[in-house]
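Counting convention: from 1, in listed order, for ligands and their atoms alike.
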Amino acid sequence: MTIPDMSDLYPAPFPQDVPLAPLQRLSLDKLLHHDPAEAERLTEVCTDTGFFYLDMMDHPMGRKMWEDACVAVRSGIDVLPRVPMAEKKAFKAPADIKVLDRGYQTGFVKPDGQPRDSEMFMVPAYEVFTKTPNNSFEPPAWLSQHMNSFQRAMVSGNRVANTILSVLEQNLQLSAGSFTDLHRLTDSSGDFLRVLRYPAAEADDGKPDNARFPAHKDAVSIAMLFTWVGGLQIADPEAVHQAQGGPVPEESWRWVQPLPGHAIVNLGEAMEIFSNQVLRSGLHRVVKAPGPQVAHDKYSVLLVVRPRDDTLMQSFQSPVIPQEEGEKHRESEVMTSIEWGNSKIRRLQDHIDKTFTERSGKAFALDRSWKQGKVEAV
Ligand SMILES: O=C(O)CCC(=O)C(=O)O
Ligand SMILES: [Fe+2]
């Protein structure tokens with residue numbers, strides 16, 4: 001299978017002397033055909049690291065998604081470095097709406113108006129596919145000519161995510177549709193497409209402020225990442241377990257090498273909740289690109305699916321899912337998907353603000369208009 005020319009997206013080689021995360025490569029074609037051995041491998045990785053490479057080139061649906069991701073990233077390359085910061089920042093998530101599924105975000109901005117560590121924008125899936133009077137998403141002018149490419153990528157992403165969810169529900173002995181019915185493109189949910197840019201940096205100095213995107217687990221069901229330059233790292237799950245919610249030791253971070261034609265897929269924390277921790281979500285972060293790649297901008301396209309807004313965030317009943325303790329999870333205490341997403345994102349953003357404050361020695365809070373909305377304090 002030939003892969004279209006993408007040499008512009010791979011500006012320098014990924015170094016061969018860095019410790020790599022031991023990720024399995026799974027086949028989309030085999031998963032689509034519910035190949036029993038591949039379904040077993042998927043379940044194994046999802047109960048271990050929760051991260052895997054998905055070979056997109058062995059099925060037309062995957063090839064289309066890969067091509068859509070390449071078009072989407074080129075849209076990001078076209079707009080992000082040249083649109084003035086004030087214009088980008090004007091793309092805000094309105095208050096009291098969904099959880100960080102739209103808008104532009106950046107951290108520290110340098111005097112030349114360029115972000116120092118990272119910047120990203122999100123486009124919401126539901127609103128671009130379902131126009132109703134109460135739901136009137138309008139992209140900013142600088143994104144409007146790229147909306148078709150984003151829409152195509154979101155359709156592909158939803159299909160691929162549902163392929164994975166369908167295998168997982170079967171392997172967890174749940175009835176068909178248990179997961180997939182919660183992730184339809186046409187239902188209101190916090191699904192989005194994100195384009196990220198991490199500007200080129202000075203050489204890697206090994207200091208903690210190498211961090212570009214702090215350690216986190218995704219507040220989603222499935223995240224599919226397309227990226228061409230290194231920087232993504234996954235923590236060894238054993239070290240995460242030992243750290244008991246605290247920071248994991250530096251030496252337990254492993255690099256993920258971007259592979260042409262492959263998505264880097266990871267389960268989000270929603271899947272841990274639905275399976276009462278049988279399925280696992282992996283802790284990851286982004287640091288400065290390794291070796292010679294550090295001198296180049298890194299871009300990523302992230303496509304995520306989240307459970308429908310009204311989904312109760314609790315575990316499913318199945319012979320292979322251990323029961324939750326009854327008292328802990330009375331119906332009235334269970335959050336809906338939208339409440340849960342809000343609380344997760346708010347916690348992560350508060351953590352980012354705290355880190356910025358510690359680093360810069362003065363109070364710092366990034367501009368986040370959505371915080372004024374219906375977000376519950378956690
Ligand atoms: O850009 C990357 O490599 C990872 C981004 C990420 O983890 C996220 O957006 O949640
Ligand atoms: Fe992430």
Side-chain angles (χ1 to χ4, degrees), residues 9-10 14 18 20-21 23 49-54 69-70 72-73 76-77 80 93 99-107 115 117-125 150 153-154 157 161 190-201 210-235 237 240 248 253-260 262-272 280-290 293-294 296-306 341 344-349 351-352 366 368:
L9 298 175
Y10 294 101
F14 186 89
V18 295
L20 293 180
L23 298 192
T49 57
F51 261 96
F52 57 94
Y53 290 113
L54 186 58
C70 290
V73 77
I77 294 171
L80 282 171
V99 197
L100 199 61
D101 70 341
R102 68 197 68 191
Y104 172 85
Q105 295 266 308
T106 186
D117 302 315
S118 65
E119 62 180 334
M120 60 171 142
F121 63 81
M122 274 73 64
V123 176
F150 299 148
M154 287 191 278
D191 296 7
F192 61 78
L193 170 144
R194 171 180 289 167
V195 178
L196 300 111
R197 171 180 175 231
Y198 307 90
N210 265 345
R212 296 291 162 114
F213 200 132
H216 67 285
K217 293 181 177 185
D218 293 337
V220 304
S221 303
I222 309 263
M224 291 154 287
L225 181 77
F226 296 84
T227 197
W228 293 262
V229 168
L232 175 65
Q233 295 184 322
I234 305 177
V240 177
V248 294
W253 289 101
R254 310 265 182 277
W255 297 84
V256 181
Q257 176 167 10
L259 296 180
H262 290 68
I264 300 159
V265 180
N266 88 281
L267 298 194
E269 285 192 285
M271 302 312 291
E272 290 192 334
R280 302 315 305 243
S281 173
L283 189 70
H284 56 284
R285 68 178 186 181
V286 179
V287 295
K288 280 183 194 170
Q293 294 194 331
V294 75
H296 301 274
D297 282 10
K298 165 182 163 70
Y299 285 87
S300 304
V301 172
L302 182 79
L303 284 144
V304 306
V305 297
R306 284 173 158 155
K344 299 286 312 173
I345 300 291
R346 173 153 188 171
R347 225 173 300 172
L348 176 64
Q349 296 207 325
H351 171 76
I352 294 173
L366 294 176
R368 297 185 181 104

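Protein heavy atom at the shortest distance from atom 4 (C) of ligand 1 is Val286 CG2, 3.5 Å.
Contact analysis puts His216 in contact with ligand 1, with a non-hydrogen atom separation below 4.0 angstrom.
Of all atoms in ligand 1, listed by their number and element, those nearer than 4.0 Å to a heavy atom of Asp218 are 10 (O). Interface atoms of ligand 1 facing Leu232, defined by a heavy-atom separation under 4.0 Å, are 3 (O). Near Tyr198, with a cut-off below 4.0 Å to any heavy atom, the atoms of ligand 1 are 1 (O), 2 (C), 4 (C), 5 (C). Interface atoms of ligand 1 facing Leu302, defined by a heavy-atom separation under 4.0 Å, are 8 (C), 9 (O), 10 (O). Residue-ligand proximity, Ser300 to ligand 1, at heavy-atom distances under 4.0 Å covers atoms 1 (O), 2 (C), 3 (O). Of all atoms in ligand 1, numbered sequentially from 1 with element shown, those under 4.0 Å from a heavy atom of Lys298 are 3 (O).
A distance-only check finds no donor-acceptor pair linking the side chain of Lys298 to the backbone of Tyr198 [under 3.5 Å].
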Run the side chain to side chain contact (heavy atoms under 4.5 Å, CB included) check on Glu119 and Gln105 step by step: do they pass?
-> CA-CA 6 Å; Glu119 62 180 334; Gln105 295 266 308; over 6 Å; no
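Ordered by chain and number, His216 NE2, Asp218 OD1, His284 NE2 make up the set of protein N, O or S atoms under 2.8 Å of the Fe ion (ligand 2).
Between Ile222 and Leu267 the shortest side-chain heavy-atom distance falls below 4.5 Å. Here the side chains of Phe213 and Arg285 are not in contact, with every heavy-atom distance at 4.5 Å or above. Between Leu9 and Tyr299 the shortest side-chain heavy-atom distance does not fall below 4.5 Å. With a 4.5 Å cut-off on side-chain heavy atoms, Met154 and Leu303 count as touching. Under the 4.5 Å side-chain criterion, counting only non-hydrogen atoms from C-beta, Leu225 is not in contact with Asn266. Put simply, the side chain of Val73 does not reach to within 4.5 Å of the side chain of Phe226, judged on heavy atoms. A heavy-atom distance below 4.5 Å is not found between the side chains of Leu196 and Arg212. Looking at Leu283 and Trp253, their side chains come closer than 4.5 Å, going by heavy atoms from C-beta outward.
Residue-level proximity to ligand 1 for His284 is carried by the side chain, the only part with a heavy atom below 4.0 angstrom. Contacts between Arg194 and ligand 1, counted as non-hydrogen atom pairs separated by less than 4.0 Å, involve the side chain only.
How far NE2 of His216 is from NZ of Lys344: 10.5 Å, rounded to the nearest 0.5 Å.
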